[in-house]
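On a predicted model such as this, the values are computed, not experimentally measured, just so you know. Order of the sequence lines sets the chain letters (A, B, ...), proteins ahead of strands, with each chain counted from 1.
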Amino acid sequence: MSEPTLLYLDGVTVSFDGFKALNELSMVLEPGEMRAVIGPNGAGKTTMMDVITGKTRPDQGRIVFGADIDLTKLDEPAIARLGIGRKFQQPTVFETLTVRDNLLLALAGDRSPRFTLWARESADEHAQLDRLLATIRLVQERDRRAAELSHGQKQWLEIGMLLAQDPKLLLIDEPAAGMTDAETAETAELLREINRTRSVVVIDHDMAFVRALGVKITVLDEGCVLAEGSIDAIQDNPHVIEVYLGR
Amino acid sequence: MLIAALSAAVPTAPAHAGGDPFAQIAATNFDIVAQGVQALATSGNPRAAAVIDALRDGKLYAWKWPRPDAPLYIRSATGFVDARSGAPVEAPAAINLRRVIVNDSVRAAIATAEGALGLFAKDPAARRTAAEALYQSADPGALSLIERALTNEKNAGVAQVLREAAAAALLKSDNGSGSTRIAAVDELATRSDLSARNLLASLHSEPPPVAAAIAGAIHDIDRRLKLWSLVENLYYGVSLGAVLLLAASGLAITFGVMGVINMAHGEMIMTGAYTTFVVQQLVAATMPGLNEFGLLIAVPAAFVVAGGLGIVIERCLIRFLYGRPLETLLATWGLSLVLQQAVRSIFGATNQDVTSPAWMSGSLDVGGLVLTVNRLWIILFALLVLGGLMATLRWGGLGRSIRAVMQNRRMAAVMGIRTPWIDALTFGLGSGIAGMAGVALSQIDNVSPNLGQNYIVDSFIVVVVGGVGNLWGTLFGAVLLGIVDKFVEPFEGAVLAKIIVLVFLILFIQRRPQGLFPLKGRAAEA
Amino acid sequence: MLSIEDVDLYYGASHALRGVSVTARIGEVTCILGRNGVGKTSLLRAIFGLQPIRSGHIRWENRELDRLPPYQRARAGLAMVPQGREIFPRLSVRENLETGFAMLPRPLRRLPDEIFELFPVLRGMLGRRGGDLSGGQQQQLAIARALVTRPRLLILDEPTEGIQPSIIKEIGRVIERLAARGDMAILLVEQYFEFARDLAASYFVMERGEIVLSGRRGDMDETAVRAHLTV
Amino acid sequence: PPAKAATAIAATPETGPIKVGILHSLSGTMAISEVPLKDVMLMLIAEQNKKGGVMGRPLEPVVVDPASNWPLFAEKAKQLLSVDKVAAVFGCWTSVSRKSVLPVFEHLNGILLYPVQYEGQECSRNVFYTGAAPNQQAIPAVDYLMNQVGVKRWVLEGTDYVYPRTTNKILEAYLKKKGFGSADIMINYTPFGYSDWQAEVAKIKSFGSAGKKTAVVSTINGDANVPFYKELGNRGIKATDIPVIAFSVGEQELAGIDTKPLVGHLAAWNYFESVDTPANKEVVAAFKKFTNNDKRVFNDPMEAHYIGFNIWVKAVEKAATTNHDAVIDAMIGVAHPNLSGDYATMMPNHHLTKPVLIGEVQENGQFNTVWQTPGLVVAQPWSPYLPESKNLIGDWLPPMSCGSYDVVAGKCLGNHKA
Amino acid sequence: MRLDRANIATLSCVLGGAAVLAAMNLLIPAVSPLHVPDFVIAIAGKYLCYAILALAIDLVWGYAGILTLGHAAFFALGGYAMGMYLMREIGARGVYANPTLPDFMVFIGWTHLPWYWYGFSHFWFALAMVVVVPGTLAFVFGWFAFRSRVSGVYLSIITQALTYALMLAFFRNDMGFGGNNGMTDFKDVLGFPLNRESTETGLMLVTATVLSLSFLLARAMIHSRFGKVLIAVRDAEPRTRFLGYRPESYKLVVWTVSAIIAAIGGALYVPQVGIINPSEFAPGNSIEAVIWVAVGGRGTLYGAILGAMLVNLGKTWLTSALPDIWLFAIGGLFIVVTLFLPRGITGLFTTRQPPKGSKQASAATEASMREAAR
Ligand SMILES: Nc1ncnc2c1ncn2[C@@H]1O[C@H](COP(=O)(O)OP(=O)(O)OP(=O)(O)O)[C@@H](O)[C@H]1O
Ligand SMILES: Nc1ncnc2c1ncn2[C@@H]1O[C@H](COP(=O)(O)OP(=O)(O)OP(=O)(O)O)[C@@H](O)[C@H]1O
Ligand SMILES: [Mg+2]
Ligand SMILES: [Mg+2]
């Protein structure tokens, strides 16, 4: 009784006026799995997340979520409501809302106007927010407008928003960027924590971080999979060294 | 022989009881004057041409109060000559004189008179107009005259018109064998314009063969006319588009590129129009010789004035508003009120008279089309302005710097771009362009404090349809809207047409929420 | 050389820089380290005049920069790779690079070859819109763009962010090379400690808007520095 | 009756200066036409004061700017009557502005002198219509074209609003009555401020090339005229081919156009600046002096104000009070010379007797009178050519005292008016 | 919080002020200097209507970032609905004494009432239409516009086009709404003569109440989580989608509500000014209304009310005080406000954010505007 795969990219191709950003990309993600995706700049990692989250429509290919939901047929909100959360490469938060409100809006729950019009902040939402603020170390900044955060703080805030959504699948684009090594280590720890209950796809260029995750790695290059395997396998893979790690 | 011709020409000329045509012309009753003109024209009096011309040009003077000898004088450059003899006379006291004024009936009389006289003029153009006049009147009585003229007409063009005139006259008369009449019908068929069609349509009780010929002629005239009207609408659409383009291209910069919701744009156009007025006044006052070209002088003048004003506005107002673009709406709205009132206070609330130089008035006939010259110029001008604008933006990477500043002011500064400079320059450029548009619009619209208000909404619509920040888009947007409007108008009337265009716009934006040429990809959200 | 003397900077009420003093010599790399939100970027903004300073002085080649607007500072030889790339999204890659021309005399208005040696990908993408590039590509473009203006003080705010390892190494070498050329001062903000350590001739560590530790490569106490970078 | 109660509200002081309200748009789209009316009012008042005012009391103008905004007209009217307590208001141009102030004047029982030719179908106790009713402008104009020029085909070209539509309705009815078929009448409307006349003018031209003498009767409103005439000029449509007779184009409008191409086109008014009578020359000169600008022109509505003002002055002196009711009654029957000679008399229907002049445009932007009604024309505010109003008359003299009296039914409609 | 106090204050000002005026008009004899003349009551009522419109605009512009340049359209439609009722109320008292047909219909020679005039003789029906017609229009318009992701100036322009088209349409006599003269010469509402003092005062009080109610409604909306989502949409619409929100439905709700509020304002406006005609649709009017909000302070409901009041007060006063140059004054005012009061007049009272908003914040809005501008 093998339960169905969680996410299945099947020959996905995305091209921008001729240039193929994704080229027949296929990938499988098991439920509860955490997958690290690395690859040269411009390999198509972010584009991959774009097509999963409905930001970009693929020219070819299917993206099946869970048993039989074809994500290519859905739009962003619908996909998000399925429980697919995303952190962007460039931190994007609601600048004029306070840090806390940013998290509040991200909290899992009904998204319809009908609900939000009457919604009152429940006690456990309150508790949740406090927990999140602590996790992302922005307790002092809780009532500052997000526009006033430093770059790294925005990164953290966005991670916080992602957690708040409590999604089935987390797509995380370069969380370690702009973090100190110590923070990077903690982030890895955090992700492993999350992975206990949820599936994660994480992109990053920081090999120390990737190693710290200690999970299966997929290497993308020019829009398709170049290699797949454990960190050590990857780090010795000549192709990967050639196009990505350098010597 | 001229005399013979004329007397033959107008056999039915009623001779007035008074006899002396000069006396009649000296009369105060327009109808009598008209008869006098007719009589004079046909009298064969050698002075006829001179006197009638003088009358037309308002050089003919009569005695203020009735006098048996009813003297008539022609004012010449040097002094007065006696109308009858042409002999110079010493100037009579001005108070005793009154200019002989003409009204429509008199003018009509003059026209036919000249028609008759003109047929044998030196200048072919004059002969042509004379022939045209005769064609229009289609007077059987004139037939013999026309034929006589034809025999010694060298100029092919004029001859053609004369033949048509003859055909018209013949068909109106009821003589002439079937064959000759059919020939005449074909003659008119070639001319294929409305007047020919109407003339043919007005013929009844013709013998079958002729009738058939007529029907055929009418049919293919109609076909040609339908075709022409299509082309005509297209042209109207384009020329309306050109006007919209002119009005909008300044805004395409200040709003499209700079993102300033520039409600004072219309007033920049107005500034240009008033500059034109002032320039024309100055030219007329200082160097009347250049009157014809006042407009050409006005173009750069308007650019400088409006552009300068724009720069001042940017430095004193707009520059404090970068980063809060929505507030530019408020400021520029206030500004537009101030500018309107300023003009009203300086020039007065009423329209100003901006004259059109000769080279911008009148119209060309191209096939079945009548293209008014001023519209042609405006189309040309609009394209020139747009082209010039694009060239400027290419030049020295100015466009690049501008776009860089508008996309990320702080980073542009970091790259060493003089942002304040660019801002002022850009806004000045946009305003200057608007000013030039004002020069053109002064030729087709009121020069009044409200001038700008009439164009502001349309301008925004054009820029937006085209896709903000895209000059080509502005071009296409303008032409698109113009053509849609002019194609709907014939069916629905001008009022509904405008409504329909607006609805079309709303639906269009639904389909293309980013205008004609939307940006795709990540850059669009970035 | 660049010398910053106890600069204070405020955002509205919040005090982001407290009497910060930093010097950066020509011909070497000066590195600024610190956790998130300690004021590194604020300091760089202050240097470039993007954020007004309340007090203190900023001197470059013994010339007061304090009063100058940013574009004047650029023309004085400063260039910056800002945090978050700040690419001009709707300019083509070529245009992005050429924005540097505005301050250059005509003869110098060409793209130096070194940038294409450094970032070969860019050559193939000159026609693409800056905003369409991938994050890393944008970062590379940002660095290249800074080099176009032939700066004498190069300010880099976390330049390695989002860039693939091989190119990070490459960037490291370039920075060394530039420094070695001896006509350029380089001010580097980094959180990637190894990277910084290998390059920095002198370093400053920040904590809550203050310089809490500084020194030269020789006498760097790694554990102390790391202590300040951990929470 | 409410009127009495109202009087109490709008009672004007019986001592001190007499306030006169001037309610013309000084800004916005209508400023073009209305500003000169304000100027002429100021002049008239100034001159009256030189003569010692009215009943020995000086006149004091109260100028407000309703800014071409109709609700603002109503607000300003209220203010003039209830706050400034003016003895009379001279104002309005567009019908809609008049419509919007009408209830105010009737409720507060004020006096409005309305100087512009209009569509009629109205006759309020509190308004004195010193401009022309349709039968004092449109009908005679058409008669002229029909009889003097021998026009056989008609284009009724107008801006799309009430005045042109009504006027054209009346004219259409009139022409049909005169035996013209629908085929020979073309009616066409364009929006306000319409400026691209190419297609329309082409239409007119082809309509006109049917071999019958054709004329255009233009009720085109203000702004749209300049481009219209420019297009005519450029298309070489001369008055001798297709004459255009306009009801809203006067000296003021021509001042903004290069008139050379328009020479010979016509306008119908009750006055032209060019009429040569000593009185006229005097007033025109005075006006140019008053505005110290000899480029300023004088036009029909300005004359209407001139007459209206003088009649009001006489009425006040006759009534020996500024009390509105007294003055309203006193106005009827008062006469004052037109600037074009002969007398304008305020009839019981609150309209003036007027001569009708047809003028041709001259190069100098003036009109040259080519025809004139033999006598004076009495206004018919209720058009006899429209079924709904053919039985109506207005007569504010007792016993009738009714603005819309149905002579067939023999009763006063709109009972509230009495 | 600070804001709240300001809101409560506004509320009491509106209601209290109205009540006091009313009292001083009705209770104090006309002779006394303290008596408030009807004229003042009338314009007070008018301003309150404008304030309602401003409030509606601020709701969509200030909080949802939809710069509407066509809101006067809903205002006018509400007005027309009410106007039609008042027209039918006249009954046979028109100049042609036609029991069913309004004067202007008789006048253009119509013989019987067009179907869309049925029912307007009933007040309740008219009221329903005041809400339904503009509401539906707004809903349909918004549904299409927001669903096809029309935003920023593109939206602004089509709202402008909408009101412009409506203006031209209502100009046409054969639409059956009185052409450009519109409807006027109303007699009474629900049997109360419109020109009686007490009626005027009553209307003014009703308007004040309606204003307060819509104010409370708007406030409730924007202080709810719904309001926060709106602001999020304003700042970064694409981002909200990835959180699972549907910006279009949020915009649609607030847009429709706002349109209805505006319409009710219009309905109250007509009986008080005594005329409704197409010029109410003029694009300029909508822009002017936006200006009121900007002057008062965008994004603060009480600012909108304040702005509407002050600007119109200024207009009334200046057009009489300086009839020849008042545009200089009012135009100058707008300029000065933008330059020295970046967040409108209310910016003087609140210090919620650092003046001019921090560099980044402004950069952000700039970005979002660029976004909008494309
Ligand atoms: N809209 C677009 N138009 C043109 N090219 C595009 C567009 N979007 C992405 N690309 C190109 O597609 C390729 C893949 O981009 P993507 O952002 O997925 O790379 P990535 O793997 O995320 O790189 P990085 O690690 O630098 O983030 C890049 O070469 C980019 O330039
Ligand atoms: N525009 C702003 N308005 C108000 N406060 C700000 C603003 N920008 C930054 N801050 C605050 O100033 C402090 C320093 O910010 P800065 O960006 O300099 O940190 P940083 O050292 O660059 O952090 P990071 O490593 O994340 O980039 C932070 O606490 C931040 O919250
Ligand atoms: Mg990426
Ligand atoms: Mg930083």
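Heavy atoms of E:R298 lying under 4.5 Å from chain B belong exclusively to its side chain. Within the 4.5 angstrom heavy-atom criterion, no atom of E:W326 approaches chain B. For B:R512, no part sits under 4.5 Å from any heavy atom of chain E, backbone or side chain. Contacts of B:L317 with chain E are made by both backbone and side-chain atoms, with heavy-atom separations under 4.5 Å.
Side-chain contact annotation: B:Q510 with E:S148, donor-acceptor N/O pair under 3.5 Å present.
Pairing each heavy atom of E:F328 with each of B:S345, the nearest pair is CE1-OG, 3.8 Å. The shortest heavy-atom contact between E:L339 and B:C316 is CD1-O, 3.9 Å. When all heavy atoms are compared, the tightest approach of E:T338 to B:A331 is OG1-CB, 3.6 Å. Listed here is the closest heavy atom pair of E:L327 and B:Q341: CD1-OE1, 3.2 Å. Smallest separation of non-hydrogen atoms from B:L330 and E:A294: CD2-CB, 3.6 Å. Contact between B:V468 and E:Y154 at its shortest, heavy atoms only, is N-OH, 2.9 Å.
The structure places CD1 of E:I158 at 11.5 Å from CG of B:L502, a figure rounded to the nearest 0.5 Å.
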Inset, instruction - Go through the steps for B:F460 and E:L69 under the test side-chain contact (heavy atoms from CB on, under 4.5 Å), then give the verdict. - result: CA-CA 12 Å; B:F460 269 100; E:L69 296 179; over 6 Å; no

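Residues of residues 280-293 of chain E lying under 4.5 angstrom from chain B, judged on non-hydrogen atoms, are E:P283, E:G284, E:I287, E:E288, E:V290, E:I291 by number. Contacts from residues 412-426 of chain B to chain E, taken as heavy-atom pairs separated by less than 4.5 Å, involve no residues at all. Annotation: residues 163-177 of chain E contacts chain B through E:Y164, E:A165, E:L168, E:A169, E:R172 [non-hydrogen atoms, separation under 4.5 Å].
For the pair B:I261/E:L67, a side-chain contact is recorded, criterion being any heavy-atom separation below 4.5 Å from C-beta on. Inter-residue side-chain proximity for B:I506 and E:F144 is flagged as unmet; no heavy-atom pair is nearer than 4.5 Å.
Take B:E314 and apply the salt bridge (Lys or Arg N to Asp or Glu O under 4.0 Å) test, not counting sequence neighbours, and it matches no residue.
Of the listed residues B:L507, B:V503, B:L496, the one with more heavy-atom pairs under 4.5 angstrom with chain E than any other is B:L496.
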